[in-house]
Engineer: 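Provided herewith is a single structure, encoded as structure tokens, for subsequent inquiry.
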Amino acid sequence: MADERTGDDARRGVARWMRWCGVLLGRVLRGAYAAALIAVILWASYRAIRYLIVFLLLPPTAPPQITQIPRKLDDALLRTPADELAGITAAEHVRAPMEHFHRLDDWFQVDRFNDCTRSGCHSPLPHTRRKEVRAFLNMHATSIHCAVCHYAPHDRRPDLLWYDLDSGEPIDRPALLAAYDFVTSLSEPQTTALTAEDQDELVRLLRAAGDAASSEAGRRIAALADSVAAPRPGGAEMRHAVAVARAVLPNFFRGEYGAKIALRGADGRPLLSYPNTREAVSAYLSLSESAGNGRREELTRLVHLGGELPSIDCELCHREEGSWIDLRSLGYPPARIDALHNPWLARTIEHMVGGQTLRLPRFVAPGGVDDERVRPASQPAGP
Amino acid sequence: MDVAEELMRSSDARRPANESWRAISPLGEQRRLLVLGAAALVLAAGAAAGDPDNCLYCHQFRGLGRWDAGEKTAHLFYVDPEYYTAGLGPHSRLACTDCHERSEVEVIPHKPVSPVNCAQTCHLSGPNEVERRFSHQNVADMLESSQHSSETLTDLTYREGALLRPGQSRCLYCHDEPLFRDPTGAVPVLDLLGGRTYDRCDVCHRDQAPADIGYYLRHMASRLQPARPPLEMAQVCAVCHSDPTVLAAHGMHDAVASFALSFHGKAAVLGNDNTPTCVSCHVGSGENAHLMLPPSDPRSAVSPQRVADSCRALACHPGADPSIAASAVHLELLSEPALLEFCVVAAFIALTIFSFGPSMLICVLELFGLLIGRKHHHAERAERLVAKLLDHPRGRRRLVRFTLSQRFQHWILVILFTALALTGFPMKFADRAWARYVIEQFGGLDVARLVHHWAGLALVVGFAVHIAYVIATTWRRCRAARRRGEPPLGCVGTILSLPMWIGPTDARKFGQLLMYLMFLRRQPPTFGRFTVKEKFEYLGVFWGTTLLGITGAMLWGEQLTSRLLGGRVFNIAIIAHSFEAFLAIIHVGILHIVNVMLSPNVFPLSPATLTGATPAVELAENHSEFVQQVADELGVRVEEEDDG
């Protein structure tokens, strides 16, 4: 009996204690909620009153949508993503920087994950020495991380992967390449027999490619996706839409992947900075003007893991047989690989590297001026 | 290769022999795709002269460029090939060597290139490969006699230093590669036609349609509207007219900043294409933008002699009084001529601070009371009384504070206020990123303004209905009082007896409430059916609707207003309208929402304006006089022992 009573008391005690805890928790939550409301009201009121006072007492300034356009083509601009310039995103047509006549709205492609350029050591256009090829080498920076050419040993094929320029995360391959692979792998009968699932997959790839590309190119690829999405699978319109996609997609290979090729690090992730060089980089950047060349060279060696970086020949990659980079493993479709391995391209490069002059519009066509491989401004190989 | 080109190729290859040429026209093939909805591609049919020098073989690559450490500038050599292959602008008909010296660029690597002279003669490729000579020399001549002569534009120094390299054409300050604007803005039917744009053209012009007709259609349709939308025009002018270094050197004010504060400027920032730009006012009708003159020149469209007519241009405010020119597009509050406007703004800011401030203080202190769990004697007793009343057969109905009609009016007000806030607030804060987003959800500023105008009109009508309702209910109350034999109150007395009227008692109770919340008094004051906060909010709606209605109507009918009241009244009206709206929005958005939705006592929404039933806690804490009054009428009371 006594035990029973003791048990009842204990249960009642626990119930009371739990009730008390519940009440206490309710009060705490209610109090926290009230405190949060107070904070929000005070913050919003402060912002409102501050706006009024500033409006009255300070001269107005033009809004960023008007002033924040690229004016001077300097290093800061090269490192500024387009979506951080309100004036670019607001306007129908983006103005080019004053000194540059041709439109650049699609040019801005800032790599937030490339430590070589974001550290402040190198410009996003790092190749400056050889006039013959420096611009072409810089062009590769839109698709290839510096370390691919300047860190990996050239005597064996490097282990490469793609990384996303928005997140820095590894990806299988750019949607643009996957879409191109899709449309170029289809034969005519296959195109005719395209199923709704195939169509959905192609549309998905095209939309993903549009999202990854810059604004104008993105819009064009999105329009392409719309044109593929609209017709019935298997119909004549569908065949035409696929044919158009096959023809038009290569126009966007010019740095519109939204991704870059990088070396695969020991952890399986993209190698975006030289390992264990952060301190040396900081030390180099903090060097004063008067610092001696010796110290500068010493730090340069440390940053670059042992001194002079290996230079690379264009033909190491741009050749039909034994290209240093395995484009197939990177997900390049055969048609694209053929374009990049085109011997005519390699010969042109060889000619230039040799210091010989090329002449427009025929360059050095091996078969003379009628060589059909001298294509008029359509789509030569590019990374 | 663009879409059209590829289509033509593919269709050529598959063309059946027995089809008529009309049926198998490349454009017919093209159309089939374009009908699929890729309207953007409609006008991308190949049109360009191409690239006879094959420069795009290299220059089509993004990232083709180099960094010049000496000049600390980048040299980018990328040229969008689409510009030429799809004929996106008038320069797509030029060869690169029309502008760039052939001898310098025909070899690779190129020799150092000279700056381009925009006034040199070039060759436009026309239909049938006929080339025509063309030059911008006439424009260069015009500029020399304008405010923007070479004397003015030489050696301009900017905040970031020089923007052009030595010898570069000064045209680059305002111009870059010209693009055709989307023609569907000026010719909406192109959008509706979709892929059928060339249906009739290609009957006769089979070969020319894509190249020539497409190009000229695009060119002409594009020129039916200004070459740049208003925002881009402002960007162009802002390069100099908003640069502090240039402004200081030339003794100018930031004309772009003040423009951006005007209605026209805000519309431009919000992406409206129909709003006037700098050129609309500073260049007279039929005149040339390259002949722009300073306001001090009597020939200028904005000189005192001509500015009124510029405002009254047929496309702008043709029926307005000439005094409309006194409404400042470039209002600068801190300048002496704007002293009146400065004082009006200051007055509204003072009104905002002295009306919003105390309300905000009370709201915060009440929440603080909840935070620390503060209770008072009145509330505990009133809670018991409310509980008893709710058990009474007629008690629940008698405790309803808002009648069905009042609740209906409130929700109409909620809907109209929300519509007005959503369409008006983005105008006040046009430079914020969210403002453009909100306006775009309405389908653009034109639609948003339409919604704003009609919602405003509906609010004024609703306000008039409410006044009629108040008069009717007051009349009924007076008649009931007369029947009961009570002495008549008279006109003033009737108004003073209105339930929402704020009298000296309310002022006293407001002070008591503030003292209680600040721990300077032990008990809070008691309130009847409406608290002093609610009365104050009602007064705010009353005053705000009146002011916003009057000023809104003035701005809406700007031509009539200018004839009746003169042009400067617009400055005052805009200030009054926008600052009163701001006060209303912060009061409702910050305080009213907390009081009726977010406060822990009523979260997530007080049912008072839905069912009319105020929560018991709310009744006990804030309406104890009303509770007591209902209890007295129903004969309900709290026993002494309960009161203990």
Side-chain angles (χ1 to χ4, degrees), chain A residues 30-31 33-35 37-38 41 44-45 48 52 56 59-63 65-67 69 71-74 78 91-93 95-96 98-99 101-103 107 123 125 131-132 134-135 138-139 141-142 223 226-227 230 237 240 243-244 247-248 254-255 357-361 376-378 380 382, chain B residues 1 3 6 10 32-33 36-38 40-41 51 53-54 56-57 60-67 72-74 77-80 106-109 160 163-165 168 172 176-177 179 229 231-232 234-235 238 242 256-257 260-261 269 334 345-346 349 360 364 367 370-371 431 586 590 598 600:
Chain A
R30 189 179 158 93
Y33 177 65
L37 273 184
I38 290 173
I41 291 171
S45 304
L52 293 173
L56 183 68
T61 53
Q65 291 94 330
I66 294 179
T67 56
I69 54 171
R71 304 207 320 167
K72 196 170 166 60
L73 196 48
D74 55 13
L78 291 179
E92 179 179 326
H93 298 150
R95 277 218 68 183
M98 301 310 127
E99 65 195 13
F101 179 74
H102 296 288
R103 294 198 166 263
W107 176 82
S123 155
L125 300 169
K131 181 179 179 181
E132 297 79 20
R134 60 191 177 193
N138 286 329
M139 174 186 91
T142 60
D226 290 342
S227 71
E237 276 76 10
H240 292 154
V244 169
V248 170
R254 299 179 293 264
T357 303
L358 299 173
R359 284 201 171 267
L360 290 173
S378 54
Chain B
M1 185 186 301
V3 174
E6 167 58 23
S10 59
R32 292 169 73 176
L33 169 73
L36 299 179
L41 303 176
D51 173 29
D53 299 316
N54 208 10
L56 289 173
Y57 188 89
Q60 65 176 305
F61 289 109
R62 202 152 292 141
L64 191 78
R66 71 180 180 90
W67 172 248
K72 290 198 180 307
T73 185
F77 309 130
Y78 164 68
V79 177
D80 184 358
E106 72 173 346
V107 292
I108 304 170
E160 304 117 277
L163 295 182
L164 299 181
R165 284 195 287 274
Q168 277 196 296
L172 296 180
D176 51 2
E177 199 161 43
L179 281 174
L231 180 59
E232 284 175 34
Q235 288 181 337
S242 205
V256 179
L261 283 179
V269 172
L334 299 177
V345 172
I349 290 176
M360 186 269 289
V364 167
L367 285 169
L370 287 174
L371 175 66
D431 56 338
I586 60 171
I590 300 175
L598 302 178

Engineer: For chain B, find which of A/Pro60, A/Pro63, A/Ala62 contributes the most heavy-atom pairs closer than 4.5 angstrom.
Structural biologist: A/Ala62
Engineer: Select one option (side chain, backbone, both, neither) describing which atoms of B/Ser242 are under 4.5 Å from chain A's heavy atoms.
Structural biologist: side chain
Engineer: Taking the side chain as everything from C-beta on, heavy atoms only, tell me whether A/Lys72 gets closer than 4.5 Å to B/Thr73.
Structural biologist: no
Engineer: Considering only heavy atoms and a distance below 4.5 Å, find which of B/Leu164, B/Val256, B/Leu367, B/Val269 pairs most often with chain A.
Structural biologist: B/Leu367
Engineer: Would you mind checking which part of B/Leu598 comes under 4.5 Å of any heavy atom in chain A, side chain (CB onward), backbone (N, CA, C, O), both or neither?
Structural biologist: both
Engineer: Side chain, backbone, both or neither: which part of A/Tyr33 has a non-hydrogen atom closer than 4.5 Å to chain B?
Structural biologist: side chain
Engineer: Relative to chain A, which segment of B/Glu106 carries a heavy atom at a distance below 4.5 Å: side chain, backbone, both, or neither?
Structural biologist: both
Engineer: Answer with side chain, backbone, both or neither: which region of A/Ala96 has an atom nearer than 4.5 Å to a non-hydrogen atom of chain B?
Structural biologist: both
Engineer: Considering non-hydrogen atoms only, spot the tightest contact between B/Met360 and A/Ser45 and give its length.
Structural biologist: CG-OG, 3.3 Å
Engineer: Is a side-chain donor or acceptor of B/Gln168 paired with a backbone partner of A/Glu99 at a separation under 3.5 angstrom?
Structural biologist: yes
Engineer: Mind checking the CZ-CD spacing from A/Arg95 to B/Gln235? Nearest 0.5 Å is all I need.
Structural biologist: 8.5 Å
Engineer: Counting only non-hydrogen atoms closer than 4.5 Å, does A/Ser123 touch chain B with its backbone (N, CA, C, O), its side chain (CB onward), both, or neither?
Structural biologist: side chain
Engineer: Side chain, backbone, both or neither: which part of B/Pro600 has an atom under 4.5 Å from a heavy atom of chain A?
Structural biologist: both
Engineer: Could you look at A/Ile69 and say if it's the side chain, the backbone, both or neither that has a heavy atom under 4.5 Å from chain B?
Structural biologist: side chain
Engineer: Taking side chain as C-beta onward, heavy atoms only, is B/Asp431 less than 4.5 Å from A/Gln65?
Structural biologist: yes
Engineer: How long is the gap from CG on A/Asn138 to CH2 on B/Trp67, to the nearest 0.5 Å?
Structural biologist: 12.0 Å
Engineer: Which one of B/Leu163, B/Val345, B/Val79, B/Leu370 has the most heavy-atom pairs closer than 4.5 Å to chain A?
Structural biologist: B/Leu163
Engineer: List the atom of B/Leu64, the atom of A/Ala135, and the distance in Å for their closest heavy-atom pair.
Structural biologist: CD1-O, 3.6 Å
Engineer: Determine yes or no for a side-chain-to-main-chain donor-acceptor pair under 3.5 angstrom, with B/Arg62 supplying the side chain and A/Arg254 the backbone.
Structural biologist: yes
Engineer: So which part of B/Leu172 gets closer than 4.5 Å to some heavy atom of chain A, the side chain, the backbone, both or neither?
Structural biologist: both
Engineer: Of all of B/Ala260, B/Pro229, B/Ala346, B/Gly65, which one pairs up most often with chain A through heavy atoms under 4.5 Å apart?
Structural biologist: B/Gly65
Engineer: So which atom in A/Leu125 and which in B/Gly63 form the shortest heavy-atom distance, rounded to 0.1 Å?
Structural biologist: CD2-O, 3.8 Å
Engineer: Using every non-hydrogen atom in the two residues, find where B/Asp176 and A/Phe101 come nearest and quote the distance to one decimal.
Structural biologist: CB-O, 3.3 Å
Engineer: If we ignore hydrogens and angles and just use 3.5 Å, is the side chain of A/Glu92 paired with the main-chain N or O of B/Glu232 as donor and acceptor?
Structural biologist: no
Engineer: What part of B/Leu334 lies closer than 4.5 angstrom to a heavy atom of chain A: side chain, backbone, both or neither?
Structural biologist: side chain
Engineer: Looking at B/Lys72, I'd like to know if its NZ atom is crowded, meaning that more than 12 non-hydrogen atoms belonging to other residues, nucleotides or ligands lie closer than 6.0 Å.
Structural biologist: no
Engineer: Give the minimum heavy-atom separation between A/His102 and B/Tyr78, together with the two atoms involved.
Structural biologist: CB-O, 4.1 Å
